[in-house]
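Have a look at the structure below before the remarks.
Just so you know, these numbers use all the heavy atoms, side chains as well, and skip hydrogens, waters and symmetry mates.
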Amino acid sequence: MTRISRLRRALTIAALAAAAFSTAAEAAFPDKPVRLVLPLSPGGAMDALGRGLAEQLGAQWNVPVIVENRAGAGGNIASEMVARAQPDGYTLLLTGDMLVANQTLFKNNVNYDAERSFAPVGIVAVTPPVIVVRADSDIQDIAGLRRLGSQRLVNVGTPGYGNSNHMALARLQGLYPETLLHVPYKGAGPAVVALLAGETDAAIVAVPAAANLIRTGKLRGLAVLQAERSPIIADVPTAREAGLDLDSGSGWFGMLAPAGTAPEVVQRIGQSVKTALDEPAFRERLRAQGFEAIGGTPADFADRIRSDAVKFPALLQQTGVSVN
């Protein structure tokens, strides 16, 4: 056997061994704890969804799925951490549409690419934003919000930058210029706590973060920002019913792995998420919180990210949103 033949044989054996190891690792996934990283603080809609999903996945996989809240920088800290993680499926990101918007908002300070730094697993759920005030507020409706805005700036809290709640506020600011001041928090939980404490006049958060407080009379819902009323807070009018010409829609919550994660592992995770969302008790639990379970495919999620990457820069420029 010639030297070249021996070299080719050695390279072939090494390649086959690597492929066998990779296949074995993928078949065994997961065989150790999995981290599910969230870009917002505990207590909000994403946190509720993430913890419920982690519980379901852990039961399926027989390994702990550990939720890790990494709030800050509009979600960029968590996104960058997962983008740099080992692409083995053991570090996952549950995030929202701020993932895409932040590339425009934090243009010179984002060290990931929404389309290239991740392997999409799927959209998990969607839910609309809702405008809320304290139950003891003098603001009874959207007209009252406008009246207060004619007297002074109205402080409106959101779960941070770039998410569907912030985008809804930006559109609202476009309708009522120089009346609403954005007060960003590290999640819906802190935004709602601040509203209840009197730090802000109003808040725009996802329905699951406010629904129970609306039902128990601690918050008043002014408008759900979608075409139909939410079944879990049916007394809250839609934007159009409240007199708002506001083109908004449900924000998405999706799961991603680092780019380079083996397709077989991504498929395994996605199928497990779908199985969790198809479980009747968990699906009903999410519905009762205000989520619409989706369980979409990686391809569908990738298409949505690409679509948002085209749409968001123009929208942000049009509404004049920026981060100082």
[X]-[Y] side chain donor-acceptor pair, cut-off 3.5 Å:
X: Asn69; Y: Asp47; answer: yes
X: Thr275; Y: Asp278; answer: no
X: Asp308; Y: Trp252; answer: yes
X: Tyr90; Y: Asp31; answer: yes

Mind checking the [atom1]-[atom2] spacing from [X] to [Y]? Nearest 0.5 Å is all I need.
X: Leu93; Y: Arg70; atom1: CG; atom2: CZ; answer: 12.0 Å
X: Glu55; Y: Leu36; atom1: CD; atom2: CG; answer: 13.0 Å
X: Ile131; Y: Leu145; atom1: CD1; atom2: CG; answer: 7.0 Å
X: Phe282; Y: Leu277; atom1: CZ; atom2: CG; answer: 6.0 Å
X: Met98; Y: Ser164; atom1: CE; atom2: OG; answer: 8.0 Å
X: Thr91; Y: Glu68; atom1: OG1; atom2: CD; answer: 8.5 Å

Joint hydrophobic cluster, [X] plus [Y], side-chain heavy atoms closer than 4.5 Å:
X: Val63; Y: Leu94; answer: yes
X: Val121; Y: Phe291; answer: yes
X: Leu213; Y: Leu49; answer: no
X: Val183; Y: Val192; answer: no
X: Val65; Y: Leu40; answer: yes

Under 6.0 Å from the [atom1] atom of [X], do we count more than 12 heavy atoms belonging to anything else shown?
X: Arg215; atom1: CZ; answer: yes
X: Gln267; atom1: CD; answer: no
X: Asp136; atom1: CG; answer: yes
X: Glu178; atom1: CD; answer: no
X: Arg146; atom1: CZ; answer: no
X: Arg116; atom1: CZ; answer: no

Any side-chain heavy-atom pair from [X] and [Y] closer than 4.5 angstrom?
X: Arg268; Y: Pro30; answer: yes
X: Gln226; Y: Thr238; answer: no
X: Gln103; Y: Asp113; answer: yes
X: Ile214; Y: Val132; answer: yes
X: Ile294; Y: Phe301; answer: no
X: Gln289; Y: Ile232; answer: no
X: Arg220; Y: Leu222; answer: yes
X: Phe312; Y: Met167; answer: yes

For the backbone of [Y] and the side chain of [X], can you confirm whether one donor and one acceptor N or O come within less than 3.5 Å of each other?
X: Arg35; Y: Ile66; answer: no
X: Asp201; Y: Asn155; answer: yes
X: Asp245; Y: Arg240; answer: no
X: Ser41; Y: Lys186; answer: yes
X: Thr200; Y: Gly157; answer: no
X: Ser137; Y: Val133; answer: no
X: Thr261; Y: Ala257; answer: no
X: Thr179; Y: Tyr176; answer: yes
X: Asp141; Y: Ala242; answer: no

- request: Would you sort out whether His166 and His182 count as a side chain to side chain contact (heavy atoms under 4.5 Å, CB included), showing the intermediate values?
  value: CA-CA 8 Å; His166 178 209; His182 182 210; 3.4 Å; yes
Shortest non-hydrogen contact from [X] toward [Y]:
X: Gly50; Y: Val67; answer: O-CG2, 3.9 Å
X: Gly260; Y: Pro87; answer: C-CB, 3.7 Å
X: Ala191; Y: Val205; answer: CB-CG1, 4.3 Å
X: Arg134; Y: Leu219; answer: CA-CD2, 4.1 Å
X: Ala168; Y: Leu225; answer: CB-CD1, 3.5 Å
X: Pro39; Y: Met46; answer: CD-SD, 3.3 Å

message: Set out, in order, the CA-CA distance, both residues' side-chain angles and the distance that settles salt bridge (charged side-chain N to carboxylate O under 4.0 Å, His left out) for Asp300 and Arg304, then state yes or no.
response: CA-CA 6 Å; Asp300 290 341; Arg304 179 62 184 265; over 6 Å; no
message: As a quick check of understanding, evaluate side chain to side chain contact (heavy atoms under 4.5 Å, CB included) for Thr95 and Leu256, giving each step before the final call.
response: CA-CA 8 Å; Thr95 188; Leu256 303 108; 3.5 Å; yes
task: Please name the residue in the list Ile123, Val266, Leu57 that meets the side chain to side chain contact (heavy atoms under 4.5 Å, CB included) test with Met255.
output: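 Among Ile123, Val266, Leu57, the one meeting side chain to side chain contact (heavy atoms under 4.5 Å, CB included) with Met255 is Leu57.
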message: Test side chain to side chain contact (heavy atoms under 4.5 Å, CB included) on Leu180 and Leu169; report intermediate values, then the result.
response: CA-CA 8 Å; Leu180 307 173; Leu169 174 58; 4.1 Å; yes
query: Would you call Glu292 and Arg283 a salt bridge, taking side-chain N to carboxylate O under 4.0 Å as the test?
result: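 Here Glu292 does not pair with Arg283 in a salt bridge, since their nearest N and O are not under 4.0 Å apart.
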message: Apply side chain to side chain contact (heavy atoms under 4.5 Å, CB included) to residues Leu175 and Leu244 and explain how you reach the verdict.
response: CA-CA 9 Å; Leu175 290 177; Leu244 273 177; 4.1 Å; yes
